[in-house]
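Proteins come first, then strands; the chains are lettered A, B, ... in the order of their sequence lines, and each starts at number 1. Bear in mind the structure is a predicted one, so any value in this text is a computation, not a measurement.
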There are 2 protein chains.
Amino acid sequence: MLEYKKFKANCMNCSIAELCLPVALSDSELSQLDKIIKKRRIIHKGEELFYQDGKFMALYAIRSGSFKTYILNQDSQEQITSFHLPGELLGFDAISKEKHLVTAKALETSSVCEVPFTELLTLAAQLPKLQTQLFRLMSREMDNEMKLQINASAEQRLAVFLQNISSRYKQRGLSSSKFILTMTRQDIANYLGLATETVSRLFKAMQGKGVIQVERREISILDFDKLQIATCQHKAM
Amino acid sequence: MLEYKKFKANCMNCSIAELCLPVALSDSELSQLDKIIKKRRIIHKGEELFYQDGKFMALYAIRSGSFKTYILNQDSQEQITSFHLPGELLGFDAISKEKHLVTAKALETSSVCEVPFTELLTLAAQLPKLQTQLFRLMSREMDNEMKLQINASAEQRLAVFLQNISSRYKQRGLSSSKFILTMTRQDIANYLGLATETVSRLFKAMQGKGVIQVERREISILDFDKLQIATCQHKAM
DNA sequence: GTAAAACATTGATATGGATCAAGCATTCGT
DNA sequence: ACGAATGCTTGATCCATATCAATGTTTTAC
């Protein structure tokens, strides 16, 4: 038991600490952060981490796995607002109104660290580097969203989506050219404002052009230049 | 000259201070904030407050006027990412990469307060209420963006847009039922991913249904319930 | 005050992607 | 290991909205 406790996850030995908070915090600073972080939580596929309208208490650092966040609109249709990958921090949307505006559902069995927000702010006031980093992460969250050009064609949107996922994996030191999409075609279509059929056809078309290789949910980007061109060109070419 | 200086704008007498930072800061706290705030700047219609890729130095509080922010995509087409109204804070997008991701252009002659970011963070670490408020404002910024349902019909998008503008004016104590749109039809269309012609036709159609009254750029919302229904209903009714 | 430019409206036509329909492939639950 | 449910693909058709075209209206600049 003691042995187990000794090795339980904390910020100092957490393998993603430098990823979710990649700021040069000293060991003593990290251990302060560790003190306020609640223990790890496992969320199984399809389970919810927090609910729309639920009280906002904490941010969540994704240690492994992935989530989609969505709002339910008036006809209780799900509208996906974003996907969240390992090493990212989740829950910023709820700060303003102190309640969640979205529901976060696990796309696969996932592990998160719960970071009580009030305590985090108190600590941030004492550790300038932590404060700066929090603002930076939140800003990056905003930037990620911005890329989705609403007036883009279906192919442009899908190309931007693939670039975005790819670069986020790259940021985490994972392969940017070959990865598994953890969400369904329907999720992708919903997020991009397309029909599933369109997503399916576009994957096939992009494969036909030698831009990507699609094997079910496994995507290989064969030609980053062509992908880049696909994000901005207006018509087929 | 002395008289002029005595009355120059500062945070304690600024009429929108409680709006842009509506937190109960004491007089002494406000005067600390005032010390770091650079003097007012006037930006004329069509002029730029900051440029895409420009170095990030400061946030800007809009005292009066309004702005659009946009990215230039690869074919140097403007893509509007948001509109910013009086009392709102501008520039959060640039924190992450320490450079602006968008250009901010004045839609009308506007007045802003420049808030150097580094100094603001230092002060926020000392004033917990200011820190909390900053996170809250940034989160609200994120929430504002989120509303735009990408898979919504043209009419739904326009209805959501009008609701959004209306509620933001309301937050500032201005009329939520009658206001002037400071942006062109082209800007609205660009932002919503529609053609200007479609925006024009929809305004007319919504007026025909008694939802709104349109007089060039002056909008009166005649029936908030009908507007609400328009944001979610799928087809004409 | 006038000409030019920018902005807005209205109508006719074309099309990208939705929707409908059907069947196949994979994953899940027991 | 099996059947059922879910996810994915492909084809045919249709419609919401873009695009093209023309004209009217307001604002800007000299």
Base of C:dG11 paired with side chain of B:Arg201 (donor-acceptor, under 3.5 Å): yes
A:Gln186 atom CD, neighbour heavy-atom count above 12 within 6.0 Å: no
Contact nearer the 5' end of DNA chain C, comparing A:Glu197 with A:Arg216: A:Glu197
Atom-to-atom span, CG of B:Leu192 to P of D:dT17 - whole angstrom: 12 Å
Which nucleotide in C:dT9, C:dA18, D:dG7 has an atom nearest any side-chain atom of B:Ser200: C:dT9
B:Glu218 CD to C:dA8 P, straight-line distance once rounded to whole Å: 14 Å
Salt-bridge contact A:Glu155-A:Lys209 (side-chain N to carboxylate O under 4.0 Å): yes
Under the salt bridge (charged side-chain N to carboxylate O under 4.0 Å, His left out) test, residues paired with B:Lys105 that sit two or more places apart: B:Glu48
Value in whole Å for how far the P atom of C:dA5 lies from CD of B:Gln186: 17 Å
Residue-phosphate contact under 4.0 Å: A:Lys45 side-chain N/O, C:dC28 OP1/OP2: yes
Touch class at under 4.0 angstrom, heavy-atom based, for B:Gly46 against every strand present: nothing
Short side-chain N/O contact from A:Lys204 to OP1 or OP2 of D:dT10, under 4.0 Å: yes
A:Glu78 and A:Lys68 ion-paired at < 4.0 Å: yes
Value in whole Å for how far the C1' atom of D:dT27 lies from CD of B:Glu108: 15 Å
Spacing between B:Ile188 atom CD1 and C:dC7 atom C1', to the nearest angstrom: 12 Å
Distance in angstrom units between B:Asn190 CG and D:dA18 P, rounded: 12 Å
Atom-pair distance (CG on B:Leu107; P on C:dC7), nearest Å: 11 Å
Sugar-phosphate only, base, or nothing, as touched by A:Ala154 at under 4.0 Å among non-hydrogen atoms: sugar-phosphate
Aromatic plane relationship, B:Phe56 with B:His100 - under 30° parallel, 30 to 60° tilted, over 60° perpendicular: perpendicular
No-H, no-angle donor-acceptor pair, A:Arg185 side chain to C:dT26 base, under 3.5 Å: no
Closest to side chain of B:Thr198, choosing from C:dC28, D:dG11, D:dT17: D:dT17
Distance in angstrom units between B:His44 NE2 and D:dT28 C1', rounded: 16 Å
From D:dC8, D:dT28, D:dA18, nucleotide with atom closest to A:Arg217 side chain: D:dC8
